Amino acid sequence: MKSCTKNALSLINLKKGDIIICIALLLFSILGLFLPALHAGNGAMVVVSINGISYTEVSLSKDQTVEIKGNDDSICNIIAIQDGQARMLSATCLNQVCVRQSSISATNETIICLPNKVIIEVTSSIDNQIDSVSE
Amino acid sequence: MNTRKITFIGLLITVALLTTYLEHLLPSPIPTIPGIKLGLANVVILALFYLFDGKTALSVNLLRIVLAGFLFAGFASIIYALAGGLLSFIAMYFAKKSTVFSILGVSVIGATLHNIGQIFVATMILQNKKLLYYLPILTISAVLTGLIVGFIAFYLVRHLDILVKKFTNF
């Protein structure tokens, strides 16, 4: 199989330009994959969801603490907003991974409490809810 | 232009149409843009480019795009496919002329520019800059499919070359 492709490549008369263009394109695309993350910018609010269902939206501009209570009394997470950043202040889960997470502030960043199924995500504003609609 | 050449090219147009149809049946990897496909039909276009000349390849490509649009892909896809096809053809023409690239390189260039053309037209029509974020992943897949298409086209050219020489010597 390997010798097959080697013969084929020599037959095709592979040139330097081919290799250069392939590597260049691949390099640029891989770099480009990171573009959305850089472009994100600071968020305007935090969307909280439990079990995939939207629970509440909290603005990042006002310092506050918000209690998130699940249907079950055992689920209670508290998030704290301070200086435009959000973090999990406390949670009723066993592993406390979410509490130890560093604060989030940029768009698309999230803190997830897996046991309690709570997700808080930073969004920029209304316009990013719908990407595009076409008929 | 003799009868044999016309028939031969006609058969190849059919092959190109069929591959386009098959690709059309596959689910589209990018939901918002109609017509972003793997581009396997370009095997035929590329082979024609190397067997005959740019004019033949271009006419077959345009014919295939319009016919496919009427038959199965939908009118919207014609605009995107034309944009991608024209841009990619111009690039392939100069790439081949420059002799810096082999058929593989030409194919990769054609594939990437086809995608870029489609995305740009889609961004303008849909007025949505977020579509541009698809470019990196599409370029990667274009490089890969470009290589595969180039490989297949190479073998196609090698085998058909003898046949073509037979009837163009009339």
Side-chain angles (χ1 to χ4, degrees), chain A residues 1-47 52 104-110 121-135, chain B residues 30-34 46 50 74 76 80 91-92 94-113 115-116 119 122-123 125-148 150-158:
Chain A
M1 183 68 185
K2 218 177 181 181
S3 61
C4 237
T5 42
K6 264 201 198 144
N7 280 333
L9 284 174
S10 54
L11 271 174
I12 291 180
N13 199 4
L14 202 70
K15 302 201 176 133
K16 225 192 279 179
D18 301 324
I19 305 186
I20 296 181
I21 193 106
C22 280
I23 296 184
L25 284 173
L26 284 174
L27 221 68
F28 272 110
S29 338
I30 295 179
L31 287 175
L33 282 174
F34 293 104
L35 228 72
L38 288 171
H39 206 250
N42 283 326
M45 56 175 133
V46 161
V47 176
I104 55 175
S105 57
T107 333
N108 292 330
E109 280 193 314
T110 56
E121 176 179 0
V122 181
T123 61
S124 55
S125 49
I126 320 171
D127 86 310
N128 84 325
Q129 302 299 339
I130 303 175
D131 255 303
S132 76
V133 178
S134 68
E135 295 295 317
Chain B
I30 314 288
T32 42
I33 306 173
L46 202 59
Y50 276 79
Y80 302 114
M92 284 202 284
F94 287 111
K96 177 166 180 273
K97 213 171 179 195
S98 76
T99 68
V100 177
F101 305 100
S102 72
I103 192 169
L104 286 185
V106 171
S107 174
V108 167
I109 291 179
T112 26
L113 270 128
N115 276 346
I116 293 179
I119 297 266
T123 328
I125 294 186
L126 298 176
Q127 300 271 334
N128 187 344
K129 287 207 183 131
K130 293 210 174 156
L131 286 176
L132 291 173
Y133 284 127
Y134 282 128
L135 268 177
I137 190 77
L138 280 182
T139 314
I140 295 178
S141 90
V143 170
L144 293 172
T145 48
L147 288 174
I148 298 176
F151 253 107
I152 304 177
F154 169 71
Y155 281 109
L156 199 63
V157 170
R158 262 190 14 130

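By convention in this document, chain letters (A, B, ...) are assigned in the order of the sequence lines, proteins followed by strands, and residues within each chain are numbered from 1. Computed from heavy atoms alone, side chains included, the values below leave out hydrogens, waters and symmetry copies. Values in this document were obtained by computation on a predicted structure and should not be read as measured data.
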Novice: Report the residues that fulfil side-chain contact (heavy atoms from CB on, under 4.5 Å) with L156(B), sequence neighbours left out, ordered by chain and then residue number.
Specialist: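 Here the qualifying residues are V43(B), A47(B), L160(B).
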Novice: Considering only heavy atoms, which portion of L135(B) lies under 4.5 Å from any heavy atom of chain A: side chain, backbone, both, or neither?
Specialist: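 No part of L135(B) comes within 4.5 Å of chain A.
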Novice: Where does L147(B) contact chain A at under 4.5 Å (heavy atoms): side chain, backbone, both or neither?
Specialist: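 It is the side chain, since no backbone atom gets that close.
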Novice: Tell me, for V100(B) versus chain A, whether the close heavy atoms (under 4.5 Å) come from the side chain, the backbone, both or neither.
Specialist: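 Both the backbone and the side chain of V100(B) come within 4.5 Å of chain A.
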Novice: Show every donor-acceptor pair shorter than 3.5 Å between a side-chain atom in residues 18-33 of chain A and any protein atom, with sequence neighbours excluded, or say none if there are none.
Specialist:
unit_1 : atom_1 : unit_2  : atom_2 : d
D18(A) : OD1    : S102(B) : N      : 3.0
D18(A) : OD1    : G105(B) : N      : 3.1
D18(A) : OD2    : K15(A)  : N      : 2.9
D18(A) : OD2    : S102(B) : N      : 3.2
D18(A) : OD2    : S102(B) : OG     : 2.5
S29(A) : OG     : L25(A)  : O      : 2.4

Novice: When only pairs under 4.5 Å are counted, which of G150(B), S107(B), P136(B) shares the most heavy-atom pairs with chain A?
Specialist: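 Going by pairs under 4.5 Å, I would pick P136(B).
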